[in-house]
Amino acid sequence: MAVVLFVGRVRPRVALVANARPAGRGAPTPDRITREITHVFLQKKLLQKLGPGLMHAFIFWGFIVLLPTIAEAAVAIVDKDSSLPILGDASWFAFVSDVFATLVVVGVAMAFFIRKVLKPDRFRGSHMEEADRILLLILAIVVTFLLWNASRIGFGIAEVPDARPVAHLLSNLFSSGEGTEFAERVLVWAHLLVILGFLVFLPGSKHLHIATAPANVWLAKDGPTGRLEPNRIDLELPEEDIRFGVATQKDLSRKQMLDLFSCTECGRCQEVCPAWATGKPLSPKLLIMDLRDRVVAEAAGEVELQPLVPNAVTDQVVWDCVTCGACVRECPVDIEHVDTIVDLRRNLVMAESRFPQEAAPMLRGVESQENPWGQPASARLDWAKDLDVRVLKEGDPAPEVLFWVGCAGAFDERAQKTTQSVARLLAAAGIDSAVLGPREKCTGDPARRMGHEYLFQMLAEQNVETLNGAGVTKIVASCAHCFNTLANEYPDYGGTYEVVHHTQLLSELIAAGRLQPRTGDGKITYHDACYLGRHNGEFDAPREVIGGEIEEMPRNRERSFCCGAGGARMWMEEESPRINDTRFEEAAATGAETVATACPYCLVMLDDAAKGKSSDIRVADVATLLAESTAIDPR
Ligand code: SF4
Ligand code: SF4
C-alpha cells in the first residue's frame with residue numbers, strides 16, 4: 001500500500017520533469033562523474049560549513065549504509081530467525097549499521113540544535129515545521145532500528161551481540177521472559193511502518209531531494225558557471241516555434257524543473273545573496289520555492305496555467321539579480337538560479353517589452369551604436385590619442401594578441417585609465433598586440449544578462465565574423481564580463497579563441513621578468529570581480545600582479561561579495577542600502593588606502609561608492625597600479 005501511495009504521489013512530479021524541455025546534458029562527462037563523487041557522495045559543498053555539513057553527512061551516509069537494513073527488517077517480519085543472505089550474517093555489517101544508525105541520531109540532534117537553538121537567518125522563509133516532521137521521522141527510523149536490534153540481543157535472537165556496541169548497550173532494556181517475542185515483533189513492525197510512512201510522506205516534501213538531488217547534480221552545467229545556456233532565436237521560423245525564454249512552466253527545461261524539486265530549503269543561497277543582504281525582495285531560495293509551489297499547483301489543476309512572472313515571482317524579484325553566481329556556488333544540490341532568472345528576463349524583455357525603464361537607454365545604445373554608452377564607433381579610440389597603439393584594419397596580419405578593449409574601457413573615463421595602462425604594459429613587455437578600434441562592438445553581455453538574447457546573438461555573430469576574418473587566435477580582455485563572454489559564450493557562436501584576462505597575461509609577464517614592478521607602497525585590498533573569480537576561478541593572477549601584501553576583506557575569493565553591477569544592474573536604479581556601498585564599507589574596514597579591482601564595472605561601482613561617502617580611499621584597477629610602479633615608456 002505504501003509503495004502504491006508513493007507512486008501515486010510521486011507520479012505528477014516525475015511527469016513534470018519528464019515532459020519538460022530536454023536539457024541536452026545527460027551524457028556522462030568527467031565533470032559529471034567528479035561532481036557525483038564530490039558533491040553527492042563526499043558532501044563537499046555541504047561540508048564548507050563544518051557543523052551543518054557534518055550534521056547532514058551523518059544523516060546522508062547513515063541513510064546509504066542503512067538501506068539494506070530495510071530488506072533485513074522485511075525478512076525478519078516474515079521470519080524472525082531468518083536473515084539477509086551475505087550481509088545478514090556479516091559481523092562487520094552489523095557493526096557498521098550500528099555505528100551509522102547512532103551517527104544519524106547524532107545528526108538529527110545536531111539538526112534540532114541548529115534549527116531550534118542557533119536559528120540561523122538563512123532558514124527565514126523555509127518550511128520549518130515540515131523539516132521538523134521529517135527529522136522526527138528519521139529519528140524514529142533509527143531509534144526503532146537500534147531498539148529492535150537491542151531486543152534481539154536481549155532475547156538471544158541475534159548471535160553476534162559484540163558486533164553491535166550501541167544495540168548491545170541498549171539490550172539491557174530487554175531480558176528474556178514471557179511476552180519477550182512480542183516486544184521484538186512490535187519493534188520490527190514499528191521500524192518498517194515508520195519507513196513506509198516516510199516513503200508516503202516523501203513525494204510532497206522537500207525531502208524528495210534525496211531522490212532528485214543526485215540527478216540534479218548530474219545535469220548541472222559543466223565548465224565555468226559564467227556561461228549562460230543559449231536561447232537561439234531564429235526569426236525565419238514561425239512565431240509559435242520560437243522560444244523567448246521562459247513564460248510559463250511549459251518553457252522550463254528538465255534541469256530547471258528538476259531544480260525546483262531538488263531544493264532542500266537550506267537557505268545557503270539566501271545567506272550569500274547580495275540582493276537579499278541589502279534588503280531587496282529577491283532571495284534565490286524563495287524564488288525556487290515560489291516557482292515550485294506555482295508549478296505544482298498548476299499541475300494539480302488548483303490554479304490556471306499563467307506566466308510565472310508575476311504569478312509565481314514578482315517582476316522586481318527577477319530584476320534584482322546581479323547574476324553574481326554566489327547562490328549557485330553555495331547550493332549543495334547545484335541548482336542554477338541564474339539561468340532561470342535570465343530565462344524569465346528573456347521572456348519579459350523579448351516577448352513583453354517589460355523591464356526597468358532606466359535600462360532602456362542602455363539597450364537603445366547597444367541597438368543603435370553597438371555599445372551601452374550610445375557613443376559613435378569613431379570614439380572608440382579616444383582613449384588611445386596619446387598612445388602608439390596598432391589598430392587592426394581589414395587585411396592586416398593578425399597580431400600575437402588582440403587587445404579587446406570593451407565598451408567601458410573605451411568610453412568610461414575611469415576605465416579608460418585601465419585601458420591605457422594595459423596598452424602601455426603590453427608595449428613595455430614587447431607584446432605584439434593590436435586593437436579592433438571602431439570594428440569592435442559590445443560583446444553583448446549587458447544585453448544578454450538583461451534578457452535581450454536576440455540582440456546578444458546578433459552582436460556575438462558580428463564580432464565572431466570580425467575576429468575570425470582577422471585571423472585572431474589569442475585575445476586579452478581587460479573587462480571581466482568581456483572575458484567571460486568571449487571565452488565561454490562565443491564558442492556557441494563559432495568563435496573559439498584562447499582568451500585571457502589582462503591580469504593573467506600581466507602576471508605571466510611579471511613571472512617571466514618581462515615586467516618588473518616595484519611593490520609595497522601603501523595598504524591595498526583587492527575586490528574579486530564575480531565574472532573573473534567565482535564564475536571563472538581566477539583568484540591568484542590579480543593578487544600576483546599586486547605583488548605586495550593584501551589586506552583581504554572577510555568575503556574574498558570564491559566568497560567575494562558583488563559590486564552590484566552585474567546582470568545589467570549597472571544601468572538600473574537601486575534603492576538604499578546599495579550593494580556597492582555595502583561592499584565599499586567592507587573594503588574600507590580593512591584600513592586599506594587603495595581598493596584594487598580587475599574589472600571596469602567593479603571600478604565604476606566602487607569608485608561611485610567612495611565618492612558618495614567622500615572617502616579619500618582610492619579605487620584603481622590592478623593594471624593601473626602595475627603601470628604606475630613599472631618603469632615604462634609613457635608612449
Ligand atoms: S546570482 Fe547573486 S544576486 Fe542573483 S540570486 Fe544569486 S546570489 Fe542573488
Ligand atoms: S536553492 Fe540550493 S542553497 Fe538555496 S535553499 Fe535550495 S538547496 Fe539550499
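First listed ligand is number 1; within each ligand, the first listed atom is number 1. As a basis for the values below, the full set of heavy atoms in this structure was taken, side chains included, without hydrogen atoms, waters or symmetry mates.
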request  = List the steps, then state whether salt bridge (charged side-chain N to carboxylate O under 4.0 Å, His left out) holds for D492 with R232.
outcome  = CA-CA 10 Å; D492 290 326; R232 282 210 173 264; over 6 Å; no
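Electrostatic pairing of D343 and R346 counts as a salt bridge here, judged by a charged N lying under 4.0 Å from a carboxylate O. Ion pairing between a basic and an acidic side chain is recognised when a charged N comes within 4.0 Å of a carboxylate O; K255 and D334 show no such pairing. The pair R115-E265 fails the salt-bridge criterion, with no side-chain N (NZ, NE, NH1 or NH2) lying under 4.0 Å from an Asp/Glu carboxylate O.
In this view, F483 and H501 satisfy the ring pair (Phe, Tyr, Trp, His ring centres under 6.0 Å) rule, not counting sequence neighbours. Qualifying side chain to side chain contact (heavy atoms under 4.5 Å, CB included) partners for S283, counting only residues two or more places apart in sequence or in other chains: Q270, W276, K285, L286.
Looking at Y490 and V499, their side chains never come closer than 4.5 Å, going by heavy atoms from C-beta outward.
Within the listing of ligand 1, atoms 5 (S) sit less than 4.0 angstrom from a heavy atom of L282.
Taking a cut-off of 2.8 Å, the protein N, O or S atoms nearer than that to atom 2 (Fe) of ligand 1 are C324 SG. Around atom 8 (Fe) of ligand 2, the protein N, O or S atoms closer than 2.8 Å are C266 SG, listed by chain and residue number.
Closest heavy-atom contact between T525 and I550: CA-CG2, 4.1 Å.
Between Y531 and H535, the ring planes lie tilted relative to each other; the angle falls in the 30° to 60° range.
Taking NE2 of H527 as the reference point, atom SG of C562 lies at 6.5 Å (rounded to 0.5 Å).
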